[in-house]
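Below, chain A is the first sequence line, B the second, and so on; all start at residue 1.
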2 protein chains.
Amino acid sequence: MMPSDDRKKSRVTLLDVAQHAGVSRATASLVIRNSPLVGAKTRAKVEAVMQELGYVYNVGAARLRAEKSRTVGVIIPNLTNPFFAELLAGIERVIDSAGMVVILANSGDLTERQDVVMRRMREHGVDGVILCPAAGTEPAMLDGLDEWGLPVVQALRHVSGRTDYAGPDYIGGVKQSVDYLVSLGHRSIAFAVHGQVHSAYRERIEGFCAAMHGHGLSDDLIVKVPEKIGDISASADLLFRQERQPTAAICFNDVIALGLSAGLFDKGMQIGRDFSLVGFDDVTDAEALRPRLTSVSTAPETVGENAATLLLDRLADRERAVRRVITPTELHIRQSCVSIADIDA
Amino acid sequence: MMPSDDRKKSRVTLLDVAQHAGVSRATASLVIRNSPLVGAKTRAKVEAVMQELGYVYNVGAARLRAEKSRTVGVIIPNLTNPFFAELLAGIERVIDSAGMVVILANSGDLTERQDVVMRRMREHGVDGVILCPAAGTEPAMLDGLDEWGLPVVQALRHVSGRTDYAGPDYIGGVKQSVDYLVSLGHRSIAFAVHGQVHSAYRERIEGFCAAMHGHGLSDDLIVKVPEKIGDISASADLLFRQERQPTAAICFNDVIALGLSAGLFDKGMQIGRDFSLVGFDDVTDAEALRPRLTSVSTAPETVGENAATLLLDRLADRERAVRRVITPTELHIRQSCVSIADIDA
DNA sequence: CTGAAAGCGCTTACAG
DNA sequence: CTGAAAGCGCTTACAG
């Protein structure tokens with residue numbers, strides 16, 4: 001009747017609960033899983049006992065038998081980048097509300113590390129993984145997962161068309177910027193890029209070229225800037241060492257936008273008066289910059305939610321058709337662009 | 001001899017490996033765990049078979065028997081805040097290199113959610129948890145974990161002295177700022193704060209008061225600003241609606257610094273010329289601001305590494321004495337402060 | 001070093 | 001609704 005003295009070493013188990021409640025272990029198990037097979041009275045009794053005994057469900061044991069772990073893996077290239085952090089926040093929210101838990105890993109955008117981490121995920125028996133593939137990931141790797149029966153959704157970047165995918169509408173986002181700048185009269189528009197080449201990179205470039213062509217403009221002002229923000233400011237000059245002088249620049253991301261805006265300032269140019277600048281991602285505190293930065297919002301948190309939902313749906317039905325969920329971008333117009341008429345004036 | 005047709009449903013197990021290698025399951029198990037009891041030749045044979053069969057270790061099954069999961073829980077108030085994202089990056093790095101995996105959860109800085117999430121961690125059988133306690137967390141909660149035998153380390157904030165703790169030297173950081181501003185001749189220094197009250201909040205306030213007193217100055221210019229960055233800029237006036245006019249302000253964090261610097265700009269004041277501003281955390285792209293923001297670096301990534309190391313050490317020895325690892329801060333002097341002489345001039 | 005046996009805490013049919 | 005039994009894939013003594 002009294003609690004055993006060795007409770008320290010032995011946790012309270014479902015069998016303990018069942019015995020105290022005067023039911024069988026199977027019944028107790030049904031209560032936990034909210035089965036309708038159990039009568040209200042029995043359920044109440046069992047729940048009271050669980051409470052009283054301080055029972056904690058052992059997911060690990062359940063998984064062993066039931067073949068599911070209530071666990072999903074999330075693999076991201078770089079946690080320190082707020083863009084990915086927001087993606088992660090979105091994922092975590094929906095995974096959590098599905099009563100599951102996320103196992104997190106950082107690939108460092110390196111395929112070898114990604115392989116290691118991927119294996120670790122399998123060893124831990126995750127039910128599925130959300131992967132933002134490292135630059136250079138082989139499509140074969142994704143297909144391999146498929147064979148193992150491990151559901152995968154790609155997020156933000158994709159290397160294979162064989163899994164679900166959630167990402168922003170990069171192409172549309174760049175088009176919005178181009179259209180906007182053109183509407184202000186700009187015709188000589190640069191695109192400042194950097195970083196590794198992957199689908200998200202290519203789509204932005206594509207979007208730029210297509211949008212420019214759509215307006216009968218040339219896409220020759222694609223300029224590659226350094227990686228680190230300090231170096232970017234120092235390299236603002238690059239913009240003006242091209243065949244033609246741009247009057248505006250679209251940035252590949254907000255880091256570049258920040259760097260260039262500082263660099264232009266250092267050159268004595270004022271954005272939103274002498275030059276127009278559009279950021280991408282809208283993840284920095286654009287509101288706190290002066291002038292406030294006009295930027296394309298890619299809503300990484302929403303993308304994260306979508307990715308998690310895709311995975312949950314697939315877990316529910318392995319056979320459903322592959323889907324791609326593209327989140328529309330939004331151009332947040334603030335103060336960093338001017339009409340060409342006002343520059344010339 | 002040939003692979004069974006139903007491999008789809010049944011994964012390859014340690015027993016399969018053992019049989020193919022012509023050893024007992026126990027031996028195969030020893031190989032996996034790198035036991036020295038196994039001869040080199042046997043080991044090689046078994047490893048070859050594992051490779052050949054595509055064996056994947058089942059951590060879940062191992063855990064059930066061995067009572068450890070190679071899993072640690074990390075509970076954070078807000079993923080979207082780069083400060084916490086960096087902490088997480090540091091934690092992930094050392095946990096990963098210990099061959100373990102992090103289960104992530106977001107408490108939203110709400111104690112109720114934190115309780116839910118904490119329970120989920122227990123259900124998943126984490127070996128320990130790194131917790132940045134939500135504002136308002138009861139010390140009793142931490143002590144409860146202790147009773148359950150679940151090792152905990154607090155990070156960034158602490159509500160109980162009974163567990164290990166890793167955090168920045170908030171007090172020293174504020175003192176560095178005060179000393180620096182005083183050395184520039186400032187005597188009327190404001191401290192701009194906001195947010196929930198917790199240990200990290202109190203320590204910064206304490207640090208401010210102590211440092212000011214140390215210089216024989218009054219600490220009466222503590223001003224509370226709004227939470228959201230847009231509102232902060234709009235409230236820069238608050239600084240000047242105090243008993244005395246400050247010539248400098250230290251910010252509770254970089255968000256406030258960004259907001260105020262924009263707000264002061266809007267008032268036509270130029271930081272680093274008309275007014276001095278010091279940020280805290282140095283986590284934004286201070287290098288890309290103009291003027292570049294002087295800020296106290298709290299190195300959250302290092303704090304994260306320390307927290308993870310503390311947990312690993314405790315896992316290795318439950319009985320060791322409780323430790324507190326305080327990471328020194330560093331004042332990164334850039335351009336946002338002026339000597340008082342130059343203001344008066 | 002190796003083998004046979006028991007057991008970790010749950011879920012899953014299956015018979016009542 | 002309930003009970004008895006088997007089993008998920010591993011590790012742990014224990015005897016050789």
Side-chain angles (χ1 to χ4, degrees), chain A residues 6-47 49-50 53-71 122-127 149, chain B residues 6-47 49-50 53-71 122-127 149:
Chain A
D6 56 341
R7 52 146 61 149
K8 267 275 164 63
K9 57 177 283 220
S10 59
R11 65 186 289 165
V12 9
T13 178
L14 198 51
L15 187 54
D16 299 330
V17 171
Q19 286 172 341
H20 278 250
V23 303
S24 79
R25 176 162 55 187
T27 305
S29 176
L30 291 174
V31 169
I32 282 184
R33 288 172 289 148
N34 282 314
S35 161
L37 294 179
V38 179
K41 211 163 133 191
T42 312
R43 168 181 308 281
K45 175 62 181 161
V46 172
E47 279 169 349
V49 171
M50 294 198 311
L53 261 42
Y55 172 73
V56 175
Y57 184 62
N58 185 331
V59 185
R63 134 184 359 183
L64 190 53
R65 188 65 230 261
E67 318 264 58
K68 47 190 207 152
S69 66
R70 304 194 193 182
T71 269
R122 289 219 291 154
E123 293 182 343
H124 278 272
V126 297
D127 292 335
Chain B
D6 56 341
R7 51 148 61 149
K8 267 278 164 60
K9 57 178 283 219
S10 59
R11 65 187 288 164
V12 8
T13 179
L14 197 52
L15 186 54
D16 300 330
V17 172
Q19 286 171 341
H20 278 252
V23 302
S24 80
R25 176 162 55 183
T27 304
S29 176
L30 291 174
V31 170
I32 281 183
R33 287 172 291 149
N34 282 314
S35 162
L37 294 180
V38 180
K41 209 164 134 191
T42 313
R43 170 182 306 283
K45 175 62 182 163
V46 172
E47 279 170 349
V49 172
M50 293 196 315
L53 263 42
Y55 172 72
V56 174
Y57 185 61
N58 184 331
V59 186
R63 135 183 358 181
L64 190 53
R65 189 66 230 261
E67 318 264 59
K68 48 189 205 153
S69 66
R70 306 196 191 179
T71 268
R122 290 220 289 155
E123 293 182 343
H124 278 273
V126 297
D127 292 335

**Base-pairing assignment for D:dC14 (Watson-Crick or G-U wobble, both under 3.5 Å)** = C:dG3
**Asked** For A:Y55 and A:V12, which heavy atoms make the closest approach, and how far apart are they?
**Response** CD1-O, 3.4 Å
**Message:** What is the separation between atom CZ on A:R122 and atom P on D:dG9, rounded to the nearest whole Å?
**Reply:** 14 Å
**Complete:** By side chain to side chain donor-acceptor pair (under 3.5 Å), B:S29 pairs with (sequence neighbours left out) B:R33
**Message:** Return whichever of A:T27 or A:L64 has its heavy-atom-nearest nucleotide of DNA chain D closer to the 5' end.
**Reply:** A:T27
**Request:** Hey, could you give me the CZ/CG distance between B:R63 and A:L64, rounded to the nearest 0.5 Å?
**Result:** 10.0 Å
**Asked** Can you check whether B:S24 has a side-chain N or O nearer than 4.0 Å to OP1 or OP2 of C:dG3?
**Response** yes
**Item:** B:K45 side chain reached by B:V23 side chain, heavy atoms, under 4.5 Å
**Value:** no
**Message:** From CD of A:E123 over to P of D:dG9, roughly how many Å is that when rounded to an integer?
**Reply:** 15 Å
**Request:** Nearest whole angstrom, please: distance from the P of D:dT2 to the CG of A:L15.
**Result:** 16 Å
**Prompt:** Once you round it to whole Å, what is the distance between P of D:dG9 and CG of B:D16?
**Reply:** 9 Å
**Request:** To the nearest Å, give me how far apart NE2 (A:H124) and C1' (D:dG9) are.
**Result:** 15 Å
**Prompt:** In whole angstroms, how far is the P atom of D:dC10 from the NZ atom of B:K68?
**Reply:** 16 Å
**Asked** Counting just side-chain N and O atoms, does B:T42 come under 4.0 Å of either OP1 or OP2 of C:dC1?
**Response** no
**Request:** Write down the distance between CE (A:M50) and C1' (C:dG9), rounded to a whole number of angstrom.
**Result:** 15 Å
**Prompt:** Atom CG of B:L37 to atom C1' of C:dG3: distance rounded to whole Å?
**Reply:** 15 Å
Any protein N or O atoms within reach of nucleotides 11-15 of chain C? Criterion: under 3.5 Å, listing atom names and distances.
residue: C:dT11; atom: OP1; partner: A:Y57; partner atom: OH; Å: 2.7
residue: C:dT11; atom: OP2; partner: A:S29; partner atom: OG; Å: 2.4
residue: C:dT11; atom: O2; partner: A:R65; partner atom: NH1; Å: 2.7
residue: C:dT12; atom: OP2; partner: A:R33; partner atom: NH1; Å: 2.7

**Item:** Criterion side chain to side chain contact (heavy atoms under 4.5 Å, CB included) on A:T71 and A:H124, from CA distance to verdict
**Value:** CA-CA 9 Å; A:T71 269; A:H124 278 272; 5.7 Å; no
**Message:** Base, sugar-phosphate or nothing for A:V59? Non-hydrogen atoms, less than 4.0 Å.
**Reply:** nothing
**Asked** Taking atom CD of A:Q19 and atom CG of A:L53, what is their separation to the nearest 0.5 Å?
**Response** 10.5 Å
**Request:** Output yes when a side-chain donor or acceptor of A:R43 lies under 3.5 Å from a complementary backbone atom of A:L30, and no otherwise.
**Result:** no
